[in-house]
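The structure appears below as structure tokens.
In this text, all values refer to a predicted model and were calculated from it rather than measured experimentally. Counting starts at 1 for both ligands and their atoms, following the listed order.
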Amino acid sequence: MSPFSLEGKRALVTGANTGIGQAIAIAMSKAGAEVLCAARRDCDETLAQITRGRHVHLDLSDPMAAMPLFEAEQIDILVNNAGIIRRGTADSFSEADWDDVMDVNLKSVFFTCQAFGNAAFNAGRTGAIVNIASLLSFQGGIKVASYTAAKHGVAGITKLLANEWAARGINVNAIAPGYIATNNTEALRDDPERSRQILERIPAGRWGEASDIGEAAVFLASPAAKYIHGAVLNVDGGWLAR
Ligand code: NAP
């Protein structure tokens with residue numbers, strides 16, 4: 001079997017109804033996995049493009065929401081992709097915009113990893129986690145205080161979990177996507193000035209496609225990445241190399 005195959009594996013992908021999560025679900029299905037597609041809204045558009053999978057209703061504003069899933073069935077691969085962003089200057093950033101983003105983008109990521117890890121340890125299984133970080137795991141950004149704090153946190157807990165779990169059979173890694181054409185970045189692409197500035201800085205000379213992230217996620221979840229622990233893989237067209 002190819003070391004890049006996910007045949008026989010069951011993956012849970014959060015935020016799989018659109019954007020990057022949808023592309024990860026499709027790529028993992030092509031690699032042979034059964035994919036549980038989690039989101040608040042239905043995942044019909046994604047399910048129509050995958051071979052084996054189903055929708056799982058999940059609202060990650062409750063960071064413990066995913067816990068029962070891991071008790072109910074074997075899940076071999078966890079992709080923490082769901083995320084939100086709130087914009088506002090630091091001098092007036094609201095507590096609600098801080099808490100909402102931290103709950104979905106960081107607290108739920110940690111406790112979903114914890115539930116996945118404990119289920120695997122109790123059953124004596126191995127597994128792989130791929131967390132979706134950001135360029136703002138490394139850079140400060142502007143007007144996105146809670147997003148930047150959460151994404152720095154995602155890089156940090158990815159490394160912490162790798163330190164604790166590498167020897168216990170769980171690979172924990174992250175992907176830092178660059179500027180990817182999804183709903184999340186629609187406002188930036190609609191602003192001609194910002195769009196031009198962003199494109200000028202990307203060595204690859206184009207915005208990323210969600211599928212660019214999907215294929216990287218398959219790699220990190222596959223046996224080919226078995227000796228990779230605690231990595232935050234930039235998939236950014238070279239942005240961070242500038
Ligand atoms: P998107 O198109 O806005 O999709 C966000 C996804 O998150 C949706 O599937 C959404 O599902 C889900 N989600 C949001 N709140 C949720 C909640 N409370 N419970 C469950 N699911 C929830 O965003 P995207 O661009 O694909 O981004 C996906 C991930 O990549 C995020 O973590 C984002 O921070 C990261 N990222 C994106 C870029 C980029 O350029 N696009 C760059 C770096 C990092 P519902 O529709 O059901 O709410």
- Query: How far is atom 36 (N) of ligand 1 from its nearest protein heavy atom, and which residue and atom is that?
  - Reply: Tyr147 OH, 3.6 Å

- Classify the contact between Asp59 and ligand 1 as side chain, backbone, both or neither, using a heavy-atom distance cut-off of under 4.0 Å. both

- Heavy-atom contacts under 4.0 Å between Ile85 and ligand 1: side chain, backbone, both, or neither? neither

- Item | For Asn81, atoms of ligand 1 separated by under 4.0 Å from a heavy atom | 28 (C), 29 (C), 30 (O), 31 (C), 32 (O)

- Task: Looking only at distances, please establish whether an N/O atom of ligand 1 is found under 3.5 Å from an N/O atom of Arg40.
- Result: yes

- Item | Side chain Thr14, main chain Asn81, donor-acceptor under 3.5 Å | yes

- Tell me which one of Ala133, Ala65, Ala82 gets a heavy atom nearest to atom 13 (N) of ligand 1. Ala82

- Query: Ile75 and Val172: same hydrophobic cluster, using ILVMFWY side-chain contacts below 4.5 Å?
  - Reply: yes

- Run the numbers for me: atoms of ligand 1, each under 4.0 Å from some heavy atom of Leu58, listed by number. 19 (N), 20 (C)

- Task: Would you check if Leu12 and Phe116 make a side-chain contact, meaning some heavy-atom pair closer than 4.5 Å?
- Result: no

- Message: For atom 43 (C) of ligand 1, tell me which residue out of Ala66, Pro177, Ala23 has the closest non-hydrogen atom.
- Response: Pro177

- Counting from 1, what ligand 1 atoms have a heavy atom of Gly19 closer than 4.0 Å? 26 (O)

- Item | Ligand-residue contact atoms, ligand 1 with Ser61, heavy atoms, under 4.0 Å | 18 (N)

- Query: Has ligand 1 got any nitrogen or oxygen that is less than 3.5 angstrom from a nitrogen or oxygen of Leu135?
  - Reply: no

- Does the side chain of Leu36 reach to within under 4.5 Å of the side chain of Arg10, using non-hydrogen atoms? yes

- Message: Are any of the N/O atoms on Thr185, whether in the backbone or the side chain, positioned under 3.5 angstrom from an N/O atom of ligand 1?
- Response: no

- Close-contact set for ligand 1 against Thr18 heavy atoms, below 4.0 Å: 2 (O), 4 (O), 8 (C), 9 (O)

- Item | Salt-bridge contact Glu193-Arg196 (side-chain N to carboxylate O under 4.0 Å) | yes

- Query: Hey, is the main chain of Lys151 close enough, under 3.5 Å, to the side chain of Ser137 for a donor-acceptor pair?
  - Reply: yes

- Query: Ignoring hydrogens and geometry, is there a side-chain-to-backbone donor-acceptor pair from Asp76 to Ala128 under 3.5 Å?
  - Reply: no

- Query: Considering only the protein, which heavy-atom contact is closest to atom 10 (C) of ligand 1, and what is its distance?
  - Reply: Asn17 OD1, 3.9 Å

- Message: I want to confirm something. Looking only at heavy atoms, which of Ile198, Thr182, Ile20 is nearest to atom 25 (O) of ligand 1?
- Response: Thr182

- What do we get for Leu60 next to ligand 1 when only non-hydrogen atoms under 4.0 Å count, side chain, backbone, both or neither? both

- Are Val154 and Asn105 close enough, and set up right, to give a side chain to side chain contact (heavy atoms under 4.5 Å, CB included), and what steps lead you there? CA-CA 8 Å; Val154 168; Asn105 292 18; 5.6 Å; no

- Hey, any chance Leu220 and Val35 share a hydrophobic cluster, counting ILVMFWY side chains that come within less than 4.5 Å of each other, even indirectly? yes

- Message: Need the ligand 1 atom indices (1-based, order shown) with element for anything under 4.0 Å from a heavy-atom of Ile132.
- Response: 29 (C), 30 (O), 35 (C)

- Query: Looking at Ile84, which atoms of ligand 1 are within less than 4.0 Å of one of its heavy atoms?
  - Reply: 14 (C), 15 (N)

- Between Ile180 and Thr185, is any pair of side-chain heavy atoms under 4.5 Å apart? no

- Return a yes/no value for Ile180: is any of its N or O atoms, backbone included, closer than 3.5 angstrom to an N or O of ligand 1? yes

- When you measure from atom 23 (O) of ligand 1 to every protein heavy atom, which one gives the shortest distance, and what is it? Asn184 CB, 3.5 Å

- Item | Any donor-acceptor N/O pair, Asn171 side chain to Ala225 backbone, under 3.5 Å | yes

- Item | Residue pair Asn184 / Thr182, side-chain donor-acceptor N/O under 3.5 Å | no

- Please verify whether a non-hydrogen atom of Gly178 lies at under 4.0 Å from ligand 1. yes

- Query: Do Ser195 side-chain atoms and Pro192 backbone N/O form a donor-acceptor pair below 3.5 Å?
  - Reply: no

- Task: Measure the distance from atom 6 (C) of ligand 1 to every protein heavy atom, then report the residue, atom name and distance (to 0.1 Å) of the closest one.
- Result: Gly15 CA, 3.9 Å

- Does ligand 1 have an atom that lies less than 4.0 angstrom from a heavy atom of Lys151? yes

- Let me know which of Asp99, Asp103, Asp100 forms a salt bridge (charged side-chain N to carboxylate O under 4.0 Å, His left out) with Arg86. Asp100

- Closest non-hydrogen protein atom to atom 5 (C) of ligand 1, residue and atom name please, with distance? Gly83 O, 3.7 Å

